[in-house]
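Structure record follows, encoded as structure tokens.
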Amino acid sequence: LLVVAIFSKAQVLLYYALYSPQEGDIVFQSLPKGELVDAIEGVTESSFSHCGVVMKDGNRWVVVESILSVRKTRLLTWLQRGKAAGFAVYRLRPEFSECIAEFKLNLLKFLDFPYDYSFEMSDHSIYCSELIYDAFENTTGEQMGTLETLGDLNWRPYEENIRSLAGNILPLDRVMITPVSLSRATQMEPVFRIGL
């Protein structure tokens, strides 16, 4: 167990060293297995179950994310949380570089909002990809990624998980933005991927 822990820490540090962060980078990862993660990754047929935005906070790099609530998490801590420390980085295209400061402010307006386990596009709570979607739309007036309904996705094998998470209902008409749909947004491009 100790050897695995040392190897994992070394792997995280290596991956961290290989990545050259820039403010506004949108990062994606696969979280450790669990009912919610299995449902997100299964329904979307993707290894992306979580995402956030990289920013400079003083002299340290952080990820603004919604996990339990909207918060700033040290980038290194964020990487350690993912399966095998793997992650993917997408960067806003050059034409959006002047928007990054306002994008950052719009993300930070959501600090301390609770995580939305019902995955509704609402103003009371917010999930990870919704946080990025809303902040970008508030900044540019553009939608990032494609909104989908649960019914459009691969929900059938995960019906029991979905019902468990949604209070025994099956909200097939619920509109959402998933991490993988966000990653396909035309406003950004992939720049780095490792271990995922």
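What's counted below: heavy atoms across the whole structure, side chains too, no hydrogens, waters or symmetry copies.
Applying the salt bridge (Lys or Arg N to Asp or Glu O under 4.0 Å) rule to pairs touching residues 168-186 yields Glu120-Arg174, sequence neighbours excluded. Applying the salt bridge (Lys or Arg N to Asp or Glu O under 4.0 Å) test to pairs two or more places apart or on separate chains, those with a residue in residues 86-100 are Asp25-Arg91, Arg93-Glu189. Within the structure, ring pair (Phe, Tyr, Trp, His ring centres under 6.0 Å) contacts touching residues 56-77 (residues at least two apart or in different chains) do not occur. The ring pair (Phe, Tyr, Trp, His ring centres under 6.0 Å) pairs that include a residue from residues 141-164 number zero, where partners must be two or more places apart or lie in different chains. Each salt bridge (Lys or Arg N to Asp or Glu O under 4.0 Å) pair with one or both residues in residues 139-151, not counting sequence neighbours, would appear here, but there are none.
The residue from Ile162, Asp152, Leu150 that alone fulfils the side-chain contact (heavy atoms from CB on, under 4.5 Å) condition with Leu172 is Leu150. Residue Ser49 forms a side-chain hydrogen bond (donor to acceptor under 3.5 Å, both in side chains) with just one option from Gln29, Lys83, Glu41, and that option is Glu41. For the side-chain hydrogen bond (donor to acceptor under 3.5 Å, both in side chains) with Glu65, the qualifying choice from Lys72, Arg81, Arg71 is Arg81, the only one to do so.
Here CG of Asp57 is found 6.5 Å from NZ of Lys104. Values are rounded to the nearest 0.5 Å. For the atom pair CD1 of Ile40 and OG1 of Thr44, the computed distance is 7.5 Å after rounding to the nearest 0.5 Å. Annotation: the span from Met55 atom CE to Arg60 atom CZ amounts to 13.0 Å, rounded to 0.5 Å. Rounding to the nearest 0.5 Å gives a distance of 12.0 Å between OG of Ser125 and CG of Leu131.
Between Trp78 and Thr73, the shortest heavy-atom distance links the atoms N-CG2, 4.0 Å. Of all non-hydrogen atoms in Ala166 and Pro171, the two that sit nearest each other are CB-CD, 4.2 Å. Here the closest non-hydrogen pair linking Leu75 and Val63 is CD1-CG2, 3.6 Å.
Proximity of a side-chain donor or acceptor of Glu23 to a complementary backbone N or O of Val53 within less than 3.5 Å is not detected. Side-chain N or O atoms of Ser164 include none that pairs as donor or acceptor with a backbone N or O of Glu160 at under 3.5 Å. Between the side chain of Tyr127 and the main chain of Met176, no donor-acceptor pair closer than 3.5 Å is present. Without hydrogens or angle criteria, Ser97 side chain to Pro94 main chain gives a donor-acceptor distance under 3.5 Å. Using a distance-only test at 3.5 Å, with no hydrogens or angles considered, a donor-acceptor pair links the side chain of Thr139 to the main chain of Ala135. Judged purely by atom type and a 3.5 angstrom limit, Asp116 uses its side chain to pair as donor or acceptor with the backbone of Phe119. Judged by distance alone, the side chain of Ser181 and the main-chain N or O of Thr146 form a donor-acceptor pair under 3.5 Å.
Here the side chains of Val70 and Ile126 are in contact, with some heavy-atom distance below 4.5 Å. Using a 4.5 Å cut-off on side-chain heavy atoms (C-beta onward), Phe113 and Ser69 make no contact. Using a 4.5 Å heavy-atom cutoff, the side chains of Pro179 and Leu182 are not in contact. Side-chain contact between Ile132 and Cys51: present, with at least one pair of heavy atoms (C-beta onward) separated by less than 4.5 Å. Between Met121 and Glu130 the shortest side-chain heavy-atom distance falls below 4.5 Å.
The hydrophobic cluster analysis finds Leu105 isolated: no Ile, Leu, Val, Met, Phe, Trp or Tyr side chain comes under 4.5 Å of it, directly or through other members.
With hydrophobic clusters built from ILVMFWY side chains whose heavy atoms lie under 4.5 angstrom apart, Tyr90 shares a cluster with Leu107. Hydrophobic clustering places Val64 together with Ile100 (ILVMFWY residues linked when any side-chain heavy atoms are closer than 4.5 Å, directly or through intermediates).
Taking Leu76 as the reference, Val12, Leu13, Tyr16 meet the side chain to side chain contact (heavy atoms under 4.5 Å, CB included) condition, with sequence neighbours excluded. In this structure Ser47 satisfies the side chain to side chain contact (heavy atoms under 4.5 Å, CB included) test together with Arg193, Leu196, sequence neighbours excluded. Residues satisfying the side chain to side chain contact (heavy atoms under 4.5 Å, CB included) test with Phe192, not counting sequence neighbours, are Leu18, Tyr19, Phe87, Val89, Ile194. By the side chain to side chain contact (heavy atoms under 4.5 Å, CB included) test, Asn161 is found to be paired with Glu35, Asp38, Ala39, residues two or more places apart in sequence or in another chain being considered. Every residue meeting the ring-ring contact (aromatic ring centres under 6.0 Å, His included) condition with Phe136, not counting sequence neighbours, appears here in chain and number order: Phe96, Phe103. For Tyr15, the ring-ring contact (aromatic ring centres under 6.0 Å, His included) test picks out no residue, with sequence neighbours left out.
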For this session: Determine, step by step, whether Gln22 and Val54 satisfy the side-chain contact (heavy atoms from CB on, under 4.5 Å) criterion, reporting the C-alpha distance in whole Å, the side-chain angles of both residues, the deciding distance to 0.1 Å, and the verdict.
Result: CA-CA 7 Å; Gln22 287 187 19; Val54 174; over 6 Å; no
For this session: Could you give me the CA-CA distance, side-chain angles and deciding distance for Leu31 and Phe48, then say whether side-chain contact (heavy atoms from CB on, under 4.5 Å) is met?
Result: CA-CA 8 Å; Leu31 292 173; Phe48 294 165; over 6 Å; no
